[in-house]
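Following: one structure in C-alpha cells, then a few remarks.
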Amino acid sequence: METTATELTEVKSANTDCEKVINILEMIIDDEANPEEQQYFYNHLEDCTSCFEAHKHQKMLKSFLKMNVKSKDVPVSLISTIKKIVQETA
Amino acid sequence: MSEEKGNTLSKEEKDRRFEAELMPVIGPLYNFAFRLTLDEDDANDLVQETYLKAYRFFDYFEQGTNAKAWLFRILKNSFINDFRKKSKQPAKVDYNEVESYYNTDEVEGEGEMAATSDMRSQAVQELIGDEVASALNSLPVDFRTVIILCDLEGFTYEEMAKILDIPIGTVRSRLHRARNFLKEKLEKYAKTMGYDADNDAHDED
C-alpha cells in the first residue's frame, strides 16, 4: 500500500513538472522567461526526453519561419510619395 | 506667436527628425501591411496612411523611444478601422502558380541533374518559402499578426501587448494557438511535399 502511494506521488510530480515546463516552453523560445524559469526548464530537460524533443521542435518552427518567409522590397515610389506628402503638409 | 508651446519644432527640424527616426522602419512596416492585407496596393495605401498619421502626431512621439513599435501600432489601428472591412477573405492561396512554376523547372532539369542541381535546390527553396507564406497567410488575421510580430519582427510580449492593445496573457495564449494552427498546416504541407526533415541525404550517385 505504502509503496504504491509513493510511486503514485512520484509519477504525479513528474507530470506536474512536464506540465510546468510545457507551460513556459514558448516563453523560453521567445526569450521571455526569467532566470529561475530558465534554470528550472533546462534542468528538467536534462532528464526528460519528451520535453527535450518538444523544445527542439518548437525552436525549429520559429527558425524555420524566420528563414523561409521572405520579405518584400518596399516600392521605391512609396518612399518618395511619403517624403513628398510630408514635405507638402503644413 | 512662434513659440506657443516651447518645444514646438520648426517644420524643417520636424521633417528632418521624422525622416531620421521613422523612415528606417518602412521595410518591416510595409511587410507587416502586406501580410495583413495580402495585397500590394492596399499595403501601399496602409503604409502611406500610417506615415501621414505619424507625421500629424509626431509631437507626441518621444524621441529615442521605440519608433518601430509606435508605427506598428498606428498601422494596426488603421488596418482595423479602415481596411479590415474591405480586405478579401479568405486568403487567396496561389497553389496553381507555385505548382506550374515547379513543374516547368522539373522538366527543364531532366537529363542534366548535376548541372541544374543548384537551380533545383534554389527552386525548392523558393517553393518552401511560398508554401510557408501561404500557410501563414491562411491563418486568421489575429493569429497571423502575433506570429509576424513575434517570430518575424522579434517584438517582445510587452511590445506586442502595446501594439495590439491586449494584456500580455492574451498575447501568450494567442501566440500559442496561432503556432498550433501553423504547425498543423505545415505538417500537412510537409507530407504532401514528401519533405522529411530527418532524411535529407542525397540518394543520387
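Here the structure is a predicted model, which means the values were calculated and not measured.
The closest donor-acceptor contact from the side chain of R73(B) to the backbone of K162(B) lies under 3.5 Å.
Taking the centre of each ring, F72(B) and F155(B) come in below the 6.0 Å mark.
Heavy atoms closer than 4.5 Å to chain A are found in the side chain of L52(B), but not in its backbone. For L25(A), no part sits under 4.5 Å from any heavy atom of chain B, backbone or side chain. For Q48(B), the parts lying under 4.5 angstrom from a heavy atom of chain A are both the backbone and the side chain. Neither the backbone nor the side chain of R56(B) comes within contact range of chain A; no heavy atoms are under 4.5 Å apart. Using a 4.5 Å cut-off between heavy atoms, E26(A) touches chain B through backbone and side chain atoms alike. Only the side chain of T81(A) comes within contact range of chain B, with at least one heavy atom under 4.5 Å from a heavy atom of that chain. With a 4.5 Å cut-off on non-hydrogen atoms, Q87(A) touches chain B through its backbone and its side chain both. Within the 4.5 angstrom heavy-atom criterion, only backbone atoms of D73(A) (N, CA, C, O) approach chain B. Heavy atoms of L152(B) lying under 4.5 Å from chain A belong to its backbone as well as its side chain. Both the backbone and the side chain of L65(A) come within contact range of chain B, judged by heavy atoms closer than 4.5 Å.
Counting heavy-atom pairs closer than 4.5 Å to chain A, the top residue among F18(B), Y55(B), Y157(B) is Y157(B). With chain A as partner, the option from D15(B), L29(B), V132(B), D151(B) having the largest number of non-hydrogen pairs under 4.5 angstrom is D151(B). Ranking K72(A), Q58(A), K62(A), H57(A) against chain B, the residue ahead of the rest is K72(A), based on heavy-atom pairs under 4.5 Å. Taking chain B as the reference chain and counting heavy-atom pairs below 4.5 Å, the highest number among D31(A), I85(A), I29(A) is found for I85(A).
Atom CG of residue N23(A) and atom NE2 of residue H176(B) lie 8.5 Å apart, to the nearest 0.5 angstrom. The line from CD1 of I148(B) to CD of E153(B) is 8.5 Å long, rounded to the nearest 0.5 Å. One distance of note links CD of E53(A) with CG of L45(A); it measures 9.5 Å at 0.5 Å rounding.
Judged by distance alone, the side chains of K76(B) and T145(B) never bring a donor and an acceptor atom under 3.5 Å apart.
Residues R16(B) and E12(B) are not paired through a salt bridge, judged by the lack of any N-O separation under 4.0 Å between the basic side chain and the carboxylate.
Ring geometry for F57(B) versus Y60(B): interplanar angle of 30 to 60°, hence tilted.
N44(B) pairs by the side chain to side chain contact (heavy atoms under 4.5 Å, CB included) definition with P75(A), L78(A), Y30(B), not counting sequence neighbours.
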